[in-house]
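First the structure, in the form of C-alpha cells, and then the observations on it.
Because the structure is predicted, anything quoted here is derived from the model rather than measured.
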Amino acid sequence: MFCNQCEQTARGTGCVTVGVCGKKEDVAVLQDLLVNACKGLSMVAIDAAARGVDTTEAGRFVADSLFTTLTNVDFDPGSIAEKVDEAVRLRDALAAGSDATVEGALVDFAPASGVDEKIAQGVEFGSPWDTTRGEDVQALQQTTLYGLKGVAAYAHHARILAQEDPDVYAFMFKVLTALDDATIGLEDWIALALECGAVNLRTMELLDAGNTGTYGHPVPTEVPLGHRPNKAILISGHDLRDLQLLLEQTEGKGIDVYTHGEMLPAHAYPELKAHPHFYGHYGTAWQNQHKEFAGFPGAILMTTNCLMPPRDEYKERLFTSGPAQFPDILHLEGDFSPAIEKALAMPGFTDEVDSGSVMVGFGRNTVLGVAPQVIDAVKGGAIKHFFLVGGCDGAKPGRNYYTEFVEQAPADTVVLTLACGKFRFFDKQLGDIGGIPRLLDVGQCNDAYSAIKIAVALADAFEVGVNDLPLSMILSWYEQKAVAILLTLLHLGITDIRLGPTLPAFVTPNVLQVLVDTFDIKPIAESAAEDLEAILGTEAA
C-alpha cells in the first residue's frame with residue numbers, strides 16, 4: 001500500500017504498511033481499486049453523456065464512492081468490494097447499446113468474485129494516478145484527486161438534501177478520466193486543480209442551500225458543555241440529515257441528544273434546535289474520540305466521516321451511518337431504532353454538571369446582519385484586523401500553534417473560525433468589541449462557503465478586493481475536504497494564506513514554488529507570535 005492523502009501520513013511521506021488513521025493494507029488497496037473502477041465508469045459516462053444518455057446515477061455513485069475513500073470514513077473491506085462491483089455494473093449499463101468503443105484496461109476490467117481476489121486486482125492496478133509521469137505532474141494529479149474527494153463529500157451532503165448539479169458530476173468524470181491521459185501536461189494539471197476549486201465552490205453553495213433551505217439560517221445559540229440527568233445519545237461526524245432523523249425518532253422517549261466534533265454548529269439551526277431534547281455538546285475533535293466515547297454513558301452514532309477504529313470500551317454501543325463503516329459495527333441507514341434501544345438500556349447521565357457553554361451560529365446571515373456595525377468599528381479603529389483561524393484538527397504535534405495564535409491575537413482583532421480546528425480554542429473567553437464577539441464560530445468545514453461570502457461582502461462594502469481587507473487566513477489541514485477548500489481559495493485568487501501544521505506530502509518543491517510565487521502561500525511559522533508580528537507589524541504590540 002501507499003497512502004499520503006492526509007496530514008498525519010507516516011514520516012511525512014506516506015503510509016506503506018498500515019495507515020496512521022488505522023486503515024489496514026487490504027482496505028487501502030481496495031479503495032484504490034474502487035477509484036480505478038470509477039475511472040473506468042467515468043470514461044464510459046463521458047461517452048454516454050455525449051450520446052444523450054442520463055448519467056446522473058453514475059455521478060451520484062462516483063461521488064459517494066470517492067467519499068468513502070476519504071481518511072477516517074470506511075474501514076470495511078466488504079462494503080468497498082461491493083462498490084467495486086457496482087461501479088462495473090453501472091459502467092456496463094451505460095455502455096450497453098452503444099456502437100462507440102471506449103478503450104482501456106479499466107473499461108474492460110472484470111472484478112473478481114471474492115474480497116481477497118479483488119485485493120490482488122487492486123495490487124495489480126496500483127495507484128489511481130499515473131506513476132509513470134514526472135513527479136511534478138504526479139503531485140498535481142494527487143492534489144486534484146484529493147481535492148475531488150473533498151468535492152465528493154460535499155456533493156454527497158448536498159444531494160441528500162435535494163441539492164445537486166450535473167456539472168459537478170461531469171467534472172468528476174473529467175478528472176478521473178484525465179488521470180489516465182498521458183497527453184495532459186503540467187500546465188493543464190494546474191488548470192484542473194484550480195477548476196476543482198471552482199467546482200468545489202459551486203458544490204459548497206449547493207450544500208449551503210440544502211442546509212439553510214431545510215433547517216433555516218443559523219442563529220447565535222448558546223450550547224451547554226455539561227450534561228443533565230437523562231438517557232443519552234451522542235452523534236458525531238457531519239450529517240445534519242441523520243441528526244434530524246435521530247431527533248425525530250427520539251422525540252418523547254426520554255433521551256437527550258448530544259453533539260460531538262463537527263456536529264456542534266448544528267445547535268444553531270432553527271429547525272433542529274426546536275427539539276427540546278437536543279441538549280448540549282460533549283467532547284471535542286475527532287482525534288479524541290477514543291477517550292471521549294469511552295466516557296459517554298449512552299449510545300453513539302457516527303455519521304459520514306471522522307471515524308477512528310473503535311475500542312472495546314464502547315464498541316458494542318457504537319453505530320455508523322452514511323459512508324462511514326467499520327467491520328462488526330452495526331451500520332444503520334435512516335432507522336436508528338437499534339441505537340435508541342441501546343441508549344434506553346444504558347444508564348445515561350445520572351447527575352447534572354455545568355461545564356459552561358459556547359456560542360455558535362455566526363454564519364453569513366448573522367454576521368452580515370451586523371455588517372454596518374462591523375464596518376463602523378473598522379473605520380473607527382475599534383477593529384484593526386480579522387483572522388480566519390480554522391480547518392481540521394489532528395493528533396500530530398504542532399497544532400498548539402493555533403491555540404496560541406488565538407490567545408495572543410490583540411484585543412482589537414476578531415477571530416472567525418470553522419471546522420474542528422476550533423476545538424483548540426472554542427471555549428476561550430475573548431470578550432467582545434462594541435457588542436461584536438471577538439470569537440465567531442462560522443460552523444462546520446462544510447460552511448467554508450459562508451466564510452467566503454462574509455469576506456466577499458466585506459470587500460464589497462469597503463470597495464476593495466478580498467486581498468486588500470485587514471483579513472488573514474491561518475489554516476490547518478488534515479484530510480481531503482481541506483484540500484478542496486484550499487483549492488477554492490486559490491481559485492478565488494486569495495493570497496497570503498498560512499497553512500500548517502505541515503505542508504502536504506504530495507506537493508513537490510517545484511509545485512510548492514508555483515504556489516508561493518502565484519499565491520504567496522506559506523507554512524505557519526515556528527511560533528504564533530512570529531506570524532502575528534509578521535501580519536500586524538507594530539499593531540501586534
Side-chain angles (χ1 to χ4, degrees), residues 2-14 127-151 175 178-179 181-201 388 391-392 394 396 398-399 401-402 405 465-468 471-528 530-535:
F2 177 79
C3 184
N4 63 357
Q5 67 179 357
C6 86
E7 191 271 336
Q8 292 182 182
T9 195
R11 298 174 301 282
T13 55
S127 299
W129 62 90
D130 188 349
T131 56
T132 68
R133 305 293 299 275
E135 64 173 10
D136 294 333
V137 170
Q138 288 189 56
L140 288 165
Q141 287 184 328
Q142 289 176 268
T143 301
T144 310
L145 174 60
Y146 298 155
L148 192 70
K149 291 184 179 189
V151 174
V175 170
L179 291 170
D181 188 343
T183 67
I184 298 178
L186 190 68
E187 294 298 324
D188 297 319
W189 274 108
I190 292 174
L192 275 172
L194 293 178
E195 187 179 356
C196 185
V199 173
N200 186 57
L201 181 63
L388 175 60
C392 310
K396 195 173 180 179
R399 293 181 182 268
Y401 163 97
Y402 297 94
F405 191 100
V466 172
N467 291 324
D468 298 315
L471 167 68
S472 299
M473 297 192 180
I474 319 297
L475 306 181
S476 56
W477 81 284
Y478 170 69
E479 46 95 284
Q480 297 76 63
K481 286 181 291 181
V483 177
I485 292 171
L486 179 61
L487 291 176
T488 294
L489 296 175
L490 299 183
H491 153 73
L492 292 170
I494 295 175
T495 61
D496 197 26
I497 297 170
R498 283 168 168 80
L499 182 65
T502 61
L503 295 179
F506 47 83
V507 172
T508 60
N510 288 335
V511 171
L512 176 60
Q513 194 60 51
V514 170
L515 296 177
V516 171
D517 293 343
T518 308
F519 301 103
D520 197 22
I521 194 169
K522 53 178 67 73
I524 58 173
E526 290 188 9
S527 72
E530 185 179 341
D531 273 339
L532 281 164
E533 176 63 27
I535 294 167

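Here the side chain of S476 pairs no donor or acceptor atom with the backbone of G500 at under 3.5 angstrom. No donor-acceptor pair under 3.5 Å is formed between the side chain of Y146 and the backbone N or O of Q141. Put simply, the side chain of R498 never gets that close to the backbone of S472: no donor and acceptor are under 3.5 Å apart.
T495 pairs by the side-chain hydrogen bond (donor to acceptor under 3.5 Å, both in side chains) definition with N467, not counting sequence neighbours. Applying the side-chain hydrogen bond (donor to acceptor under 3.5 Å, both in side chains) test to S127 and every residue at least two apart in sequence or in another chain returns nothing. In terms of the side-chain hydrogen bond (donor to acceptor under 3.5 Å, both in side chains) criterion, residue partners of T502 (sequence neighbours excluded) are, by chain and number, E7. In this structure, the side-chain hydrogen bond (donor to acceptor under 3.5 Å, both in side chains) partners of Q480, at least two apart in sequence or on a different chain, are T71.
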Run L490 and L515 through side-chain contact (heavy atoms from CB on, under 4.5 Å) and show every step you take. CA-CA 9 Å; L490 299 183; L515 296 177; 3.8 Å; yes

Given side-chain contact (heavy atoms from CB on, under 4.5 Å), test Y401 with D531 step by step and report yes or no. CA-CA 10 Å; Y401 163 97; D531 273 339; 2.5 Å; yes

Candidate pair I521 and L486, rule side-chain contact (heavy atoms from CB on, under 4.5 Å), full reasoning: CA-CA 10 Å; I521 194 169; L486 179 61; 3.9 Å; yes

Check the pair L532 / F405 against side-chain contact (heavy atoms from CB on, under 4.5 Å), numbers first and verdict last. CA-CA 7 Å; L532 281 164; F405 191 100; 3.6 Å; yes

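Atom OH in Y478 sits 10.5 Å away from atom NZ in K396 (nearest 0.5 Å). In this structure, SG in C392 is found 7.5 Å from NZ in K481, a value given to the nearest 0.5 Å. Between atom CG of residue L499 and atom CD1 of residue I474 there is a gap of 10.5 Å, rounded to the nearest 0.5 Å. Between the CG atom of N200 and the CG atom of L194 there is a distance of 12.5 Å, given to the nearest 0.5 Å. Rounded to the nearest 0.5 Å, atoms CH2 (W129) and CD (Q142) are 4.0 Å apart. Atom CG of L148 and atom OG1 of T143 lie 12.5 Å apart (nearest 0.5 Å).
In terms of heavy-atom proximity, A178 sits nearest to L192 at CB-CD1, 4.0 Å. Shortest non-hydrogen contact noted between W189 and L179 is CH2-CD2, 3.7 Å. Taking all atoms of both residues into account, the shortest heavy-atom contact from T488 to G197 is OG1-O, 2.8 Å. Residues I524 and P501 approach most closely at CD1-CA, 3.9 Å, considering heavy atoms. The shortest non-hydrogen separation linking A484 to G147 is CB-O, 3.4 Å. Closest approach of I184 and D188 over heavy atoms only: CG2-CB, 3.4 Å.
Here salt bridge (Lys or Arg N to Asp or Glu O under 4.0 Å) pairs that include residues 506-523, with residues two or more places apart or in two chains, are D496-K522, D520-K522. Pairs engaging residues 130-151 under the salt bridge (Lys or Arg N to Asp or Glu O under 4.0 Å) rule: none recorded [sequence neighbours left out].
Under the 4.5 Å side-chain criterion, counting only non-hydrogen atoms from C-beta, C196 is not in contact with V175. Counting only heavy atoms from C-beta outward, the side chains of V483 and F506 approach each other to under 4.5 Å. Annotation: side chain of L503 is not in contact with side chain of V507 (no heavy-atom distance under 4.5 Å).
Side-chain atoms of T9 and N4 form no donor-acceptor pair, as typed in the model, at a separation below 3.5 Å.
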